[in-house]
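One structure, pasted below without further comment.
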Protein chains: 2
Amino acid sequence: MVTIKDVAKAANVSISTVSRVLNNSGYSSMSTKEKVNKAVEELKFQKNMVATAMIKKQTSTLGLIIPDIKNIFYGELTRAIEDQAHQYGFNVILCNTDNDLEKEAEYLNFLLRKGIDGIIFSTPEINDKNIREVMKNRPDVPLILLGSQVKNVRLDEVLVDNFEGGYQATAHLLDHGHQRIGYIGGQKDSYATVERYKGYAKALEDYGIEPMDEYLKLDEFKIHSGYHRGKELLKMSEPPTAVFAGNDAIAVGVYKAARELGISIPEELSVIGFDDSQFAEIVDPELTTIRTPISEMGEKTVELAIQIVREGKNFKETVTFQPSLIERGSTAKVNDHYLVRKYPS
Amino acid sequence: MVTIKDVAKAANVSISTVSRVLNNSGYSSMSTKEKVNKAVEELKFQKNMVATAMIKKQTSTLGLIIPDIKNIFYGELTRAIEDQAHQYGFNVILCNTDNDLEKEAEYLNFLLRKGIDGIIFSTPEINDKNIREVMKNRPDVPLILLGSQVKNVRLDEVLVDNFEGGYQATAHLLDHGHQRIGYIGGQKDSYATVERYKGYAKALEDYGIEPMDEYLKLDEFKIHSGYHRGKELLKMSEPPTAVFAGNDAIAVGVYKAARELGISIPEELSVIGFDDSQFAEIVDPELTTIRTPISEMGEKTVELAIQIVREGKNFKETVTFQPSLIERGSTAKVNDHYLVRKYPS
DNA sequence: TTGAAAGCGCTAACAA
DNA sequence: TTGTTAGCGCTTTCAA
């Protein structure tokens, strides 16, 4: 390994001089600069960042905590984050926790000991236990929440307006004449699940409809959840004519359930998703969904994180992005014929 | 920050004693062990891994180079790799290159300077330029190829038998009576594209059919490629009755093309994919595909990498996994009626 | 404008 | 069984 020492020897200067020209700090004459740069090139010297990290206490790496990178939503989010981090000269260490708090704690421990410069949390169920622990023991490490909030914890947060999204989705369905609208959410304690539900309930209320408990199902933000809960919904004696799925994966599961039951979308059942992930354009009919500006949120999060790292202070800022309705083929006017056929008198 | 020094002071021993009990190396009496451990607990001491890395020249982190984590195939692969790495106490730094050699070089540079212990390469088009550079300048850093081979470079490799997979896929179609079979591959120079094509061609040959250039399309391993190339294929005056898609994403694109042209799968067109990714079970009908044992390959790769890191030598081993046919609903017997309808006399 | 020297937090001889 | 000491490769005073 070529070190600064080798460069110093080759350039016939001291290592501190080499360091100075390498970092463009302090003074150095043009001629020594040239000498040093020449030696650097000849020896193909690359500064060892571990040594720098030890002194500066900065590693130019961020930790990213998510439940599962296989989940397409996190794939898109992670890509945006990694790209932006790369722009700023940072690397990201990926941590998949499966929402397991112990696993999360292990990762946290590792990240902290490796001296990462900041941690981005993006898990649906954020339990404050680990977060509080980190805040207490390592107040120097920037933490940023992406997509979720934690009760009673004040941190920088980047969110999508889930309430608004839930409202838009439900209003869209109501505007198409649907009255029996199911909601299949993710984890019960998830911020997104709760907020989207609130938007859903508010829309129903505004349209003069009482939310029915039977139409409310909570599970996980996964395909199989949508499938099972969707089946439950569709097999009811008075099934909903439309389903607001907590995310696109759940919507995909609902498609599958409907297919198996011979129910066609959107003729007999309208489905609306959330996120506008890749899934939305793959299914047939293409999925009407609420777009979460995933990339923008990822980018903003990294910018915030790096700003905090550089300026050394949390802003305790909350940045909220607005969702938007993307209308495709999975939602349509409620079909009275269907109602008649399934429930004659 | 609590350091080993603080612990030493609290336990009333020297720092080397603390280091010894921390690492369970050398001798130390039961009583001092207890003293030290107590101090460690009280102070909540965590060993700074940056300092250790500097001395040991090991960071317990691996670099993973892929084209794009948004791509569902790499999501699954990355998850398997990260999990296994975590098992061994390693972290992984994610690098998305978009197959851009310059970007790849940048990442490589970073990883090397950060002292990562090994690099896993998993990109379809592996150009040997960057790899050779690393091998030359940093022969001490383990490199492992996952999913691809590079000409004239001998490295540890973990592969799936692409030829066999291509053969199986094509034979399956041929067994169903198809004679006009299209192949839509990924990047022209990609190892997977080429090997799968060879398997395809060999199967045709074995069944006495001459491969036709018009039925061969190459693009990228992406949905839109499958869509565009699929349309080209399906709009031919004598279109194929079956398509072997180079991967599941391409197959999804073919579905879309078929849908737009009013061609139904599998009645009028059989489609077979490759990988058995999440996409396969989402589409309707579910996709018949060749299963690549993604998780197993990811795990094996990490095991190899860590073995090399620990034992300090490359084995130059090639591990090949066997693919398998997963039959679902997208392939069926060739439909003579269709042929007649579309080409009367 | 440059160099000597101390030190980041830890490990590993070596001596005691 | 323990402590002293010399580094790992770099940055950063401080003197010169």
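Chain A is the first sequence line, chain B the second, and so forth, proteins listed ahead of strands; every chain is numbered from 1.
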Check: Taking atom P of C:dG3 as reference, at what distance in whole Å does atom CD1 of A:Ile4 sit?
Finding: 12 Å
Next item on the list: Nearest-nucleotide wise, let me know which of A:Ser29 and A:Ile15 is further upstream toward the 5' end of DNA chain C.
Entry: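 Nearer the 5' end of the strand: A:Ser29.
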Notebook entry, point to check: What's the CE-C1' distance between A:Met1 and D:dG7, to the nearest Å?
Noted result: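 Rounding to the nearest Å, CE of A:Met1 and C1' of D:dG7 are 15 Å apart.
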Check: Does A:Lys57 put a side-chain nitrogen or oxygen below 4.0 Å from OP1 or OP2 of D:dT11?
Finding: no
Checklist line | Ion pair A:Asp68/B:Arg79, N-O distance below 4.0 Å | finding: yes
Note to self: From CD of A:Glu34 over to P of C:dT2, roughly how many Å is that when rounded to an integer?
What the structure shows: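 It works out to 12 Å between those atoms.
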Next item on the list: Give a yes/no answer on whether the side chain of A:Ser14 brings an N or O atom under 4.0 Å of OP1 or OP2 in C:dG3.
Entry: yes
Next item on the list: Looking at every strand, decide which applies to A:Val13 at a 4.0 Å heavy-atom threshold: base, sugar-phosphate, or nothing.
Entry: sugar-phosphate
Next item on the list: Look at the side-chain N and O atoms of B:Ser19 and state whether any lies under 4.0 Å from the OP1 or OP2 oxygen of C:dT11.
Entry: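 The answer is yes; a side-chain N or O of B:Ser19 sits under 4.0 Å from OP1 or OP2.
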Margin query: Minimum heavy-atom separation for A:Leu62 and A:Ala85, please, with both atom names.
Written below: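 In this case the closest contact between A:Leu62 and A:Ala85 is CD2-CB, 4.4 Å.
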Item checked: Any side-chain donor near an acceptor of the partner, B:Glu157 and B:Gln149, under 3.5 Å ->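 A pair is found: one side chain offers a donor N or O, the other an acceptor, under 3.5 Å apart.
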Item checked: For atom NZ of A:Lys9 and atom P of C:dG3, their distance in whole Å ->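 Going from A:Lys9 (NZ) to C:dG3 (P), I get 15 Å.
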Next item on the list: Return the minimal non-hydrogen interatomic distance between A:Ala10 and A:Ala39, and the atom names on each side.
Entry: CB-CB, 4.0 Å
Next item on the list: Rounded to the nearest angstrom, tell me the gap between atom CG in B:Leu22 and atom C1' in D:dG3.
Entry: 17 Å
Next item on the list: Measure from CG on A:Asn24 to C1' on D:dT11 and round the result to the nearest Å.
Entry: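 Checked: the CG to C1' distance equals 15 Å.
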Checklist line | Audit row: B:Asn96, A:Glu82, side chain to side chain donor-acceptor pair (under 3.5 Å) steps and yes/no | finding: CA-CA 8 Å; B:Asn96 296 287; A:Glu82 202 281 307; 3.0 Å; yes
Margin query: Judged by each residue's nearest nucleotide on DNA chain D, which is more toward the 5′ side, A:Thr3 or B:Ser31?
Written below: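 Closest to the 5' end, via its nearest nucleotide, is B:Ser31.
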Notebook entry, point to check: Can you check whether B:Glu317's main-chain N or O pairs, donor with acceptor, with B:Asp156's side chain at less than 3.5 Å?
Noted result: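 At least one qualifying donor-acceptor pair exists.
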Notebook entry, point to check: Got a donor-acceptor pair under 3.5 Å from the side chain of B:Ser16 to the base of D:dG3?
Noted result: yes
Margin query: Once you apply a heavy-atom cut-off of 4.0 Å, does A:Ser25 come out as touching a base, just sugar-phosphate, or nothing?
Written below: nothing
Notebook entry, point to check: So, is A:Asn23 close to the D:dT11 phosphate, meaning a side-chain N or O under 4.0 Å from OP1 or OP2?
Noted result: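 Checking D:dT11 against A:Asn23, a side-chain N or O does come within under 4.0 Å of OP1 or OP2.
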Next item on the list: Output, in order, the C-alpha distance, side-chain angles, deciding distance and verdict of side-chain contact (heavy atoms from CB on, under 4.5 Å) for A:Phe221 and A:Gln187.
Entry: CA-CA 7 Å; A:Phe221 284 117; A:Gln187 290 84 334; 3.4 Å; yes
Notebook entry, point to check: Please give, in whole Å, the distance from D:dC10 C1' to B:Arg113 CZ?
Noted result: 12 Å
Notebook entry, point to check: Would you call A:Ile131 and A:Leu143 a side-chain contact if the rule is heavy atoms closer than 4.5 Å?
Noted result: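 Heavy-atom side-chain distance check passes, below 4.5 Å.
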Check: Are any of A:Lys47's side-chain N or O atoms less than 4.0 Å away from OP1 or OP2 of D:dT11?
Finding: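 Indeed, a polar side-chain atom of A:Lys47 lies that close.
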Note to self: So if I take every side-chain heavy atom of B:Thr17 and compare against D:dG3, C:dT11, D:dC10, which nucleotide ends up nearest?
What the structure shows: D:dG3
Notebook entry, point to check: In whole angstrom, what separates B:Gln46's CD from C:dC10's C1'?
Noted result: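 B:Gln46 atom CD is separated from C:dC10 atom C1' by 15 Å.
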Note to self: So, OP1 or OP2 of C:dT2: does either fall under 4.0 Å of a side-chain N or O from A:Thr32?
What the structure shows: yes
Margin query: If the helix axis at each end comes from five base pairs, how far does the helix from C:dT1-D:dA16 to C:dA16-D:dT1 deviate from straight, to 10°?
Written below: 50°
Checklist line | Nucleotide nearest B:Ala51 when distance is taken to its side chain, options C:dC8, C:dT2, C:dG9 | finding: C:dG9
Check: 5'-most contact on DNA chain D: B:Ile55 or B:Ser28, nearest heavy atom basis?
Finding: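 Result of the comparison: B:Ser28.
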